[in-house]
Amino acid sequence: MADEDPTPAKRVFPPLYVSSGDVSMDRLAFFHILERLKTQKRTGWVDHKVPSPESISDHMYRMAILAMCTSDATLDVSKCVMMALVHDLAEAQVGDIAPREGIPKAEKQRLEAEAMHNFVHEMLHDSPAAQRIMALWNEYEAQDTQEARFVKDLDRFEMASQAFEYERNHDMRNLQPFFDSSLPFLRHPEVKEWGEDLARERQKAQESAATQDERA
């Protein structure tokens, strides 16, 4: 996500889970770690002091619904929905790492891959479900399929949508970086159209706000 704070506190990562040897208990440990996605707030919004910012799972849930709204018959929509729900799964372990934290991209990728390996092997014992989750995550990371690229566009569009909603709901004027880093990079024709619709909606809202300011 976009960010602006140049002096962040150093991120501390929780220890990786070590299997107890009990398949049932390890599986429950995975179910419980998912709570972190519900409680951890997205870093970019926190940095920009958004009131009551969304969680990581809030973001992924709307992406999944957006995937269901596509009219592109060439896409495997079920795969897209599942991919949307796992694409940030590693953040349950490492958190939502922002560029301003100074963690190199390669190290961020290593940390996230390590977290996924831990979930799959220590918690889910490389079960068929674990393999499905890992395959979806790897496909998204590789960005080699049309489904992965589509879901990446949903990631961008959802962030821009949320930025607009924060502008509208909290009269925030410092969220332009979220639009600059998302809408210009949309590639899927339908999601690009959604982005253009959002940009027009935002423009109208800005014009209305400017008119009200002039009258005040």
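These numbers come from a predicted model, not from an experiment.
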Minimal non-hydrogen separation, A90 against M116, with atom names: N-SD, 3.8 Å
Validation row: Y166, P53 side chains within 4.5 angstrom (heavy atoms): yes
V23-M123 co-clustered via ILVMFWY side chain contacts under 4.5 Å: no
Pair Q162, R62: side-chain N/O donor-acceptor within cut-off below 3.5 Å: yes
Positive for salt bridge (charged side-chain N to carboxylate O under 4.0 Å, His left out) with R202, one of E207, E167, E196: E167
Exam field: side chain D88 to backbone E91, donor-acceptor pair closer than 3.5 Å: no
Evaluation steps, side chain to side chain contact (heavy atoms under 4.5 Å, CB included), between W45 and M159: CA-CA 10 Å; W45 307 131; M159 183 177 73; 4.0 Å; yes
Contact check, side chains of E54 and E165, non-hydrogen atoms, under 4.5 Å: no
Exercise: identify the closest heavy-atom pair between I97 and E101: CA-OE2, 3.3 Å
Heavy-atom donor-acceptor pair, E147 side chain to D76 backbone, under 3.5 Å: yes
Heavy-atom check, side chain of C69 versus side chain of E190, under 4.5 Å: no
Flag side-chain contact, heavy atom, 4.5 Å: D47 against R100: yes
Ring center gap for H48 and F178 short of 6.0 angstrom: yes
Heavy-atom pair of closest approach, residues D26 and G21: OD2-N, 3.5 Å
K192 NZ: over 12 foreign heavy atoms closer than 6.0 Å: no
Flag, side chain of E139 to backbone of M83, donor-acceptor distance under 3.5 Å: no
Reported NE2-to-CG distance for the pair H117 and D126, which is rounded to 0.5 angstrom: 8.0 Å
Common cluster, M60/F31, ILVMFWY with side-chain heavy-atom separation under 4.5 Å: yes
Derivation and outcome, side chain to side chain contact (heavy atoms under 4.5 Å, CB included), residues Y17 and Q93: CA-CA 10 Å; Y17 182 80; Q93 173 65 28; over 6 Å; no
CZ (F164) with more than 12 external heavy atoms under 6.0 Å: yes
CG on D155 to CE on M63, rounded to 0.5 Å: 4.5 Å
Student check: side-chain heavy atoms of V18 and N118 closer than 4.5 Å: no
pair L198-W194: side-chain heavy atoms closer than 4.5 Å: no
Crowding at NE2, H170 (>12 non-hydrogen neighbours, <6.0 Å): yes
Residues R156, H188; criterion side chain to side chain contact (heavy atoms under 4.5 Å, CB included); working and verdict: CA-CA 11 Å; R156 297 181 176 113; H188 186 275; over 6 Å; no
Exceeds 12 heavy-atom contacts within 6.0 angstrom, atom CD of Q206: yes
Residue from D72, L154, V151 passing side-chain contact (heavy atoms from CB on, under 4.5 Å) with V191: L154
Where G95 and R11 come nearest, the two heavy atoms and their spacing: CA-NH1, 3.6 Å
Pairwise distance SG(C80) to CG(L85) - rounded to 0.5 angstrom: 11.5 Å
D58 side chain to S55 backbone, donor-acceptor under 3.5 Å: yes
Cluster link M134 to I33, ILVMFWY, side chain under 4.5 Å: yes
F150 with F185, same ILVMFWY side-chain cluster at under 4.5 Å: no
Between OG1 on residue T39 and NZ on residue K41, distance to nearest 0.5 Å: 7.5 Å
Side chain to side chain contact (heavy atoms under 4.5 Å, CB included) evaluation trace for S19 with H125: CA-CA 9 Å; S19 173; H125 292 257; 3.6 Å; yes
Closest contact, heavy atoms only, T43 versus A98: CG2-CB, 3.8 Å
NZ/NE/NH1/NH2 to OD/OE distance under 4.0 Å, E107 and R110: yes
Any W137 side-chain heavy atom under 4.5 Å of V120 side chain: no
Beyond-backbone contact of E122 with F119, side-chain heavy atoms, under 4.5 angstrom: no
Spacing of E112 atom CD and K108 atom NZ [to the nearest 0.5 Å]: 3.5 Å
Straight-line distance of M68 CE to S78 OG, nearest 0.5 Å: 8.5 Å
Smallest separation among heavy atoms of A160 and F179, with atom names: O-CE2, 3.4 Å
ILVMFWY cluster, V81 and F157 together (side-chain gap under 4.5 Å): no
Expected output: side-chain R149 to main-chain D144 donor-acceptor under 3.5 Å: yes
H59 side chain to I56 backbone, donor-acceptor under 3.5 Å: no
Side chain S57, main chain L37, donor-acceptor under 3.5 Å: yes
